[in-house]
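Before any comments, here is the structure.
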Amino acid sequence: QKEVEQDPGPLSVPEGAIVSLNCTYSNSAFQYFMWYRQYSRKGPELLMYTYSSGNKEDGRFTAQVDKSSKYISLFIRDSQPSDSATYLCAMSARHNFNKFYFGSGTKLNVKP
Amino acid sequence: DGGITQSPKYLFRKEGQNVTLSCEQNLNHDAMYWYRQDPGQGLRLIYYSQIVNDFQKGDIAEGYSVSREKKESFPLTVTSAQKNPTAFYLCASKGGTIDTEAFFGQGTRLTVV
């Protein structure tokens, strides 16, 4: 079983829709959770960084962590065609915070 | 501007050759990483280094080698022992505290011809 599971998609939505992207994980030691956006043939860029449980909001993006269920989510409101990319979740544990575990990525397509 | 620079962007290798991918950062980060990305498989860790002159194997280190002689540089050599080297290679770096993010370079696409 992989440490981090992520639905690969592709996920296709109309412009303006609310998008929900999710990851599940098996290691209860994970405490730091990240979402990266990767455009085709580019390096990933960090969108959101959260610690432990709870929500964090940044503009149209909301990151949610549920440690009891080992489940994290990224919500995108009012999705735009420019949001079309692959979204990667990543996580690390306090005792080895320099080692990251990545999901396989979800490809999102926002149609105009 | 601060950031991570990977070069070259595209690299072609003949079978049996060793090639070296460059990664340089001017962010003064202690930790540096090399990942391999294949379609549908996400990022797989090849090697990482938390300090100069020290590095650890990741999940798929066989057929690869690295060095960390300077803080700002972490080159990756893909040796002839790597049986399936065609992939997109990403370098990343991270600051030395828990709450700092990892920054990625723009990647090198290696193709075996």
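Chain A is the first sequence line, chain B the second, and so forth, proteins listed ahead of strands; every chain is numbered from 1.
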*Contact class of Gln106(B) relative to chain A, heavy atoms under 4.5 angstrom*: both

*asked:* Is Asp59(B) in contact with chain A via its backbone, its side chain, both, or neither, using a 4.5 Å heavy-atom distance?
replied: side chain

_Please classify the contact of Gln38(A) with chain B as side chain, backbone, both or neither, using a heavy-atom distance under 4.5 Å._
side chain

*asked:* Restricting to non-hydrogen atoms, name the atom on Asp54(B) and the atom on Arg68(B) that form the minimum distance, rounded to 0.1 Å.
replied: O-CB, 4.4 Å

*Hey, what's the ring geometry for Tyr49(A) with Tyr32(A), parallel, tilted or perpendicular (30° and 60° as the breaks)?*
tilted

*Max heavy-atom pair count under 4.5 Å with chain B, selected residue of Ala90(A), Gly43(A), Gly105(A)*: Gly43(A)

*Could you walk me through whether Thr20(B) and Thr77(B) pass the side-chain hydrogen bond (donor to acceptor under 3.5 Å, both in side chains) test, one step at a time?*
CA-CA 4 Å; Thr20(B) 297; Thr77(B) 296; 3.0 Å; yes

_Looking only at heavy atoms and a cut-off of under 4.5 Å, which of Gln6(B), Arg109(B), Gln37(B) has the most pairs with chain A?_
Gln37(B)

*Would you say Thr79(B)'s side chain and Ala81(B)'s backbone share a donor-acceptor pair under 3.5 angstrom?*
yes

*If you count heavy-atom pairs under 4.5 Å with chain B, which of Gln6(A), Gln31(A), Arg41(A), Lys107(A) comes out on top?*
Arg41(A)

*Tyr101(A) and Asn27(A): side-chain hydrogen bond (donor to acceptor under 3.5 Å, both in side chains), yes or no, with the steps?*
CA-CA 10 Å; Tyr101(A) 296 83; Asn27(A) 189 344; 5.6 Å; no

*Sort Tyr36(A) into side chain, backbone, both or neither according to what part of it lies under 4.5 angstrom from a heavy atom of chain B.*
side chain

*asked:* If we define contacts as heavy-atom pairs under 4.5 Å, which of Ala102(B), Gly107(B), Cys91(B) has the most with chain A?
replied: Ala102(B)

*Between Lys94(B) and Asp30(B), is there a salt bridge with N-O shorter than 4.0 Å?*
no

*asked:* Counting only non-hydrogen atoms closer than 4.5 Å, does Leu45(B) touch chain A with its backbone (N, CA, C, O), its side chain (CB onward), both, or neither?
replied: side chain

*List the steps and the verdict of side-chain contact (heavy atoms from CB on, under 4.5 Å) for Leu110(B) and Arg13(B).*
CA-CA 7 Å; Leu110(B) 173 64; Arg13(B) 189 194 95 169; 4.0 Å; yes

